[in-house]
Amino acid sequence: MLTQAPKGTHDILADEIDKWLYVENKFAEICRRFGYREIRLPVFEHTELFQRGVGETTDIVQKEMYTFEDKGGRSLTLRPEGTAGVVRSYIENGMSSWPQPTKLFYNITAYRYEKMQKGRYREFHQLGIELFGAKDPSADAEVISLMVLFFDSLGIKNLTLNLNSIGCTQCRGAYNRMLKDFLADKTDQMCENCRERINRNPMRILDCKTEGCRQYLREAPALLDHVCDDCRDHFEKVTQKLQDIGIHYEIDKGIVRGLDYYNGTVFEFVSRNIGTQGTVCGGGRYDGLIELCGGPPTPGIGFALGVERLLLEMESQGIEIPSQPDPEIYLGSIGERAEKLCEKLAWDLRSKGITCIKDIMGRSVKAQMKYADKLGAKHALIIGDNEVESGKAALKDMKTGESRDITLDTLIDRLIKKRETD
RNA sequence: GUGGGUAUAGCUCAGCUGGUUAGAGCGCCUGGUUGUGGCCCUGGAGGCCAUGGGUUCGAAUCCCAUUACUCACCCCA
């Protein structure tokens with residue numbers, strides 16, 4: 001226990017950090033290109049924010065939240081997703097008086113008490129955006145196009161974009177009644193889970209994957225076919241805009257996002273090669289959420305992307321990720337006088353912005369060189385008594401193996417110049 | 001919440017139907033004449049064989065429980 005990370009969490013070690021930084025930086029870059037600005041929010045919020053925002057009837061709120069009481073008796077919860085917190089911040093900080101629309105992106109960890117599986121963790125990482133104030137279909141299309149551009153820029157191919165509209169509060173009410181009527185005489189034959197859903201949240205039945213229920217659902221009325229005129233019109237405009245910019249999508253009448261706040265356009269990007277947890281990114285519109293949480297009526301739309309799943313997908317597609325540059329130079333030393341000189345040299349190099357690794361173990365030259373090699377240092381330079389006295393040393397190019405004598409005074413300029421030409 | 005698989009060195013795994021001091025490759029640390037990496041070779045460190053019980057003269061090996069990991073169902077990012 002003492003030496004084991006809690007279930008569902010994982011360490012991101014030095015060898016993988018380049019991938020994470022690469023993806024995170026790329027995401028930030030693309031977001032800024034669309035006018036989004038980053039925000040950073042607390043990892044925990046008042047429990048009621050999620051109860052209200054995500055929805056009391058959802059699995060997330062009912063059994064997946066990490067909820068605890070602090071020493072002041074407040075009930076707090078580690079965020080199970082990002083949107084609720086952003087909405088809270090939007091209201092609290094009066095962002096409705098910022099230039100509209102307000103475009104925000106974030107890079108967060110989220111927490112859900114779930115059973116572990118490939119691509120599913122209890123602490124996981126999400127990249128996401130939220131767009132407040134724009135209800136036009138252009139907003140939907142732009143948000144989706146941002147995702148597409150992001151995937152493209154990473155070289156990811158073959159993700160399927162699934163689209164659906166789950167209507168507004170009005171058409172949803174009518175649809176729920178319709179669905180109930182349709183299933184009324186079939187309830188006995190449906191799975192236990194679905195029988196509960198009929199009363200709790202009929203739409204969730206559409207997510208069922210058990211064979212028996214699926215048969216009935218094939219004939220069930222699809223919400224998309226029964227949305228009101230406004231919703232239909234909105235959705236058609238969204239798809240038209242996607243076509244205009246050449247984004248391929250599939251209509252999936254079965255998509256019902258698992259959080260209660262969604263309405264209207266919902267979408268997800270799905271992979272086929274990373275296991276059953278194939279949803280790399282999911283999102284949609286949430287026009288009533290801000291009001292529900294106590295803010296002014298404000299339309300909103302956003303998505304969240306699972307970084308672990310994204311990296312799995314990139315790996316499965318064999319996408320290479322550029323790594324951070326190797327250390328410019330390794331400074332080795334023999335003896336105390338040399339070590340002293342190295343300390344000064346290393347300080348000067350680092351002050352000038354040059355990555356410099358020096359010996360701090362007093363090991364043999366051979367051991368030092370091996371270490372320099374493992375670090376991937378581009379150059380190595382060993383200093384002993386001779387070098388201290390002459391002020392000259394052999395600068396070795398680790399790739400070619402060639403070394404040339406240089407005066408130590410010129411070392412910094414030489415490395416700076418070399419770095420520029422490389 | 002339901003089911004399946006797995007658990008031996010830092011990593012990937014051997015260890016036959018129970019039998020002495022538990023193995024390999026990689027990695028780590030050393031050396032290969034006293035100041036130069038990669039290839040090759042030498043030596044070394046490092047395991048209460050997940051944990052707790054049981055069977056047995058004897059358990060890494062068989063049985064039970066616990067825990068963890070993992071995959072699928074469910075749900076989702």
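Numbers restart at 1 for each chain; the letters A, B, ... are given by sequence-line order, proteins then strands. Here the structure is a predicted model, which means the values were calculated and not measured.
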Take A:R33 and A:E29, measure what salt bridge (charged side-chain N to carboxylate O under 4.0 Å, His left out) needs, and give me the verdict at the end. CA-CA 6 Å; A:R33 225 183 274 176; A:E29 182 199 326; 2.6 Å; yes
Nearest whole angstrom, please: distance from the [atom2] of [N] to the [atom1] of [X].
X      : N      : atom1 : atom2 : value
A:D11  : B:rG10 : CG    : P     : 16 Å
A:D252 : B:rC76 : CG    : P     : 13 Å
A:M369 : B:rG35 : CE    : P     : 14 Å
A:Q368 : B:rU36 : CD    : P     : 11 Å
A:L312 : B:rU70 : CG    : P     : 12 Å
A:M398 : B:rG38 : CE    : P     : 9 Å
A:Q126 : B:rC76 : CD    : C1'   : 10 Å
A:E268 : B:rA77 : CD    : P     : 8 Å

Separation between the [atom1] atoms of [N] and [M], rounded to whole Å:
N      : M      : atom1 : value
B:rG3  : B:rC13 : C1'   : 28 Å
B:rA60 : B:rA14 : C1'   : 12 Å
B:rU55 : B:rU70 : P     : 35 Å
B:rG54 : B:rU42 : C1'   : 47 Å
B:rG32 : B:rG43 : P     : 15 Å
B:rA77 : B:rU61 : C1'   : 42 Å
B:rG15 : B:rG23 : C1'   : 7 Å
B:rA59 : B:rU2  : P     : 35 Å

Which nucleotide sits closest to the side chain of [X]: [options]?
X      : options                : result
A:R120 : B:rU30, B:rC73, B:rC28 : B:rC73
A:R112 : B:rA77, B:rC71, B:rA68 : B:rA77
A:D373 : B:rG31, B:rU36, B:rG38 : B:rG38
A:K118 : B:rA68, B:rC71, B:rC28 : B:rC71
A:E64  : B:rC71, B:rG35, B:rC75 : B:rC75

Should [N] form a Watson-Crick or G-U wobble pair with both distances under 3.5 Å, which nucleotide is its partner?
N      : value
B:rU17 : none
B:rU6  : B:rA68
B:rU55 : none
B:rG35 : none
B:rG46 : none
B:rA77 : none
B:rU61 : none

Is any N or O donor-acceptor pair between the side chain of [X] and the base of [N] shorter than 3.5 Å?
X      : N      : answer
A:K366 : B:rG32 : yes
A:R309 : B:rC76 : yes
A:K396 : B:rG37 : yes

Considering every strand and a 4.0 Å limit on heavy-atom distances, what is the contact class for [X]: base, sugar-phosphate, or nothing?
X      : result
A:L305 : nothing
A:E114 : base
A:A372 : nothing
A:G401 : base
A:Y121 : base
A:G119 : base
A:D15  : nothing
A:E387 : base
A:V307 : nothing
A:A367 : sugar-phosphate

Just N and O in the side chain of [X]: are any of them under 4.0 Å from OP1 or OP2 of [N]?
X      : N      : value
A:K115 : B:rC76 : no
A:Q117 : B:rA72 : yes
A:K7   : B:rC69 : yes
A:R363 : B:rC29 : yes

Test side chain to side chain contact (heavy atoms under 4.5 Å, CB included) applied to A:C342 and A:K358, A:E387, A:R337, the passing residue: A:K358
With RNA chain B as reference, determine whether A:C281 or A:A380 sits nearer its 5' end, using the nearest nucleotide of each. A:A380
For RNA chain B, whose closest nucleotide is more 5', that of A:M116 or that of A:D397? A:D397
Backbone N/O of A:N162 and side chain of A:E268: donor-acceptor pair under 3.5 Å: no
Under 3.5 Å, side chain of A:R309 to main-chain N/O of A:G119, donor-acceptor pair present? yes
I'd like to check A:M314 versus A:V23 (side-chain heavy atoms, cut-off strictly below 4.5 Å). Are they in contact?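 SC-SC contact between A:M314 and A:V23 confirmed.
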Tell me whether the rings of A:H10 and A:W20 are parallel (<30°), tilted (30 to 60°) or perpendicular (>60°).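 The rings of A:H10 and A:W20 sit tilted, inter-plane angle from 30° to 60°.
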Between A:H379 and A:E328, does any side-chain donor sit less than 3.5 Å from a side-chain acceptor?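 On atom types as modelled, these side chains do not qualify, holding no pair under 3.5 Å.
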Say whether A:Q243 and A:Y249, considering side chains only, have a donor N or O and an acceptor N or O under 3.5 Å apart. yes
So how far is it from A:N107 CG to A:E24 CD, rounded to the nearest 0.5 Å?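 That separation rounds to 4.5 Å.
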So, are A:K344 and A:D348 salt-bridged, with charged N and O less than 4.0 Å apart?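 Salt bridge: yes.
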Hey, is A:F124 stacking on B:rA77? Ring centres under 5.5 Å, planes under 30°. yes
